[in-house]
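The structure under discussion appears below in the form of structure tokens.
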Amino acid sequence: MADAVTSQTLFDNERTAIMKFTNISDGTGETAVLKVDVSALNPSASGQTCTRVTVTKIYIASHGMEVRMLWDAATDVPFYLSSPGATQTLDMNGFGGITNNGGAGVTGDIVFSTADASSGDTYWCILEMTKGYA
């Protein structure tokens with residue numbers, strides 16, 4: 001079996017993307033699962049492909065497991081870690097958001113991993129992101 005997960009794009013225009021993610025675990029958890037594929041987001045008005053995002057807000061609630069958000073790269077770089085019973089709203093607009101510092105092999109994408117997942121543990125998360133183009 002595998003965790004029951006969903007990914008949903010709530011909003012995607014030239015400047016902003018908002019996505020929602022859920023997980024109901026069977027105890028296996030997630031390991032570096034692609035959640036935000038920047039190349040799949042809508043292009044700019046001039047046709048440029050999105051190559052990166054800056055995370056400006058995180059809304060999250062988890063029950064029983066940690067959620068780790070990482071910039072996808074040759075060695076993934078973590079940028080957020082929830083506690084097992086977190087309910088948080090983080091607004092990073094005041095300083096411009098969390099920018100991708102993925103280093104070597106950076107793709108611009110975001111992956112999630114979970115830790116300490118047991119059967120029936122859950123999370124939901126909404127990411128608000130500002131899009132960037134090459």
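All values below were derived from every heavy atom in this structure, side-chain atoms included, with hydrogens, water molecules and symmetry-related copies excluded.
Residues G102 and A73 come closest through the heavy atom pair O-CB, 3.2 Å. Residues S39 and T49 approach most closely at CA-CG2, 3.9 Å, considering heavy atoms. When all heavy atoms of W71 and N101 are compared, the pair lying nearest together is CD1-OD1, 3.4 Å. For T87 against A61, the heavy-atom pair with the smallest separation is OG1-CB, 4.0 Å.
The closest side-chain heavy-atom distance from T56 to D91 is not below 4.5 Å. Side-chain atoms of M19 and F11, non-hydrogen and from C-beta on, never get closer than 4.5 Å to each other. Side chains of I110 and F112 form a contact here, defined as non-hydrogen atoms less than 4.5 Å apart. The shortest distance between side-chain heavy atoms of F21 and L127 falls below 4.5 Å. In this structure, the side chains of I58 and M92 come closer than 4.5 Å at one or more pairs of heavy atoms. Between K35 and S7 there is a side-chain heavy-atom pair separated by less than 4.5 Å.
Atom CD1 of I18 is surrounded by more than 12 heavy atoms from other residues, nucleotides or ligands within 6.0 Å.
Between the S82 side chain and the V67 main chain, a donor and an acceptor come within less than 3.5 Å of each other. T31 contributes no side-chain N or O that, together with a main-chain N or O of S113, makes up a donor-acceptor pair within less than 3.5 Å.
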Show your reasoning for whether side chain to side chain contact (heavy atoms under 4.5 Å, CB included) applies to E14 and Y133. CA-CA 10 Å; E14 185 171 42; Y133 303 90; 4.0 Å; yes
Would you check, one step at a time, whether the test side chain to side chain contact (heavy atoms under 4.5 Å, CB included) holds for L34 with D109? CA-CA 7 Å; L34 179 63; D109 296 336; 3.6 Å; yes
What's the verdict on side chain to side chain donor-acceptor pair (under 3.5 Å) for S25 and N23, showing C-alpha distance, side-chain angles and the deciding distance? CA-CA 6 Å; S25 186; N23 178 315; 4.5 Å; no
The test is side chain to side chain contact (heavy atoms under 4.5 Å, CB included); show your working for Y123 and T114 and say whether it passes. CA-CA 10 Å; Y123 75 75; T114 58; 3.8 Å; yes
I'd like to know whether F79 forms a side chain to side chain contact (heavy atoms under 4.5 Å, CB included) with V55, so could you lay out the CA-CA distance, the side-chain angles of the two residues, the decisive distance to 0.1 Å, and finally the verdict. CA-CA 10 Å; F79 67 87; V55 176; 3.9 Å; yes
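Atom CD of Q8 sits about 9.0 Å away from atom OG1 of T22, to the nearest 0.5 Å. Within the model, atoms OG of S83 and CD of E66 stand 7.5 Å from one another, a figure rounded to the nearest 0.5 Å. Residue K57 holds its NZ atom at 10.0 Å from OG1 of T16, rounded to the nearest 0.5 Å.
With K131 as reference, D12 is the one residue of N13, D12, T51, N42 to meet the side chain to side chain donor-acceptor pair (under 3.5 Å) rule.
Using a 4.0 Å cut-off between charged side-chain N and carboxylate O, R68 and E30 make no salt bridge.
When hydrophobic clusters are built by joining Ile, Leu, Val, Met, Phe, Trp and Tyr residues whose side-chain heavy atoms come closer than 4.5 Å, directly or via intermediates, M69 is grouped together with L90. Cluster membership check: Y80 does not share its hydrophobic cluster with I126, using side-chain heavy-atom separations under 4.5 Å among Ile, Leu, Val, Met, Phe, Trp and Tyr. Cluster membership for L10 and Y59, using ILVMFWY side-chain heavy atoms within less than 4.5 angstrom, is shared. Residue W124 is not grouped with residue V36 when hydrophobic side chains (ILVMFWY) are merged at heavy-atom distances under 4.5 angstrom, including chains of intermediate members. Side-chain heavy atoms closer than 4.5 Å link hydrophobic residues (I, L, V, M, F, W, Y) into clusters, and following such links, even through other members, never connects V5 to V111.
Residues D72 and T107 bring a donor and an acceptor atom of their side chains to less than 3.5 Å of each other.
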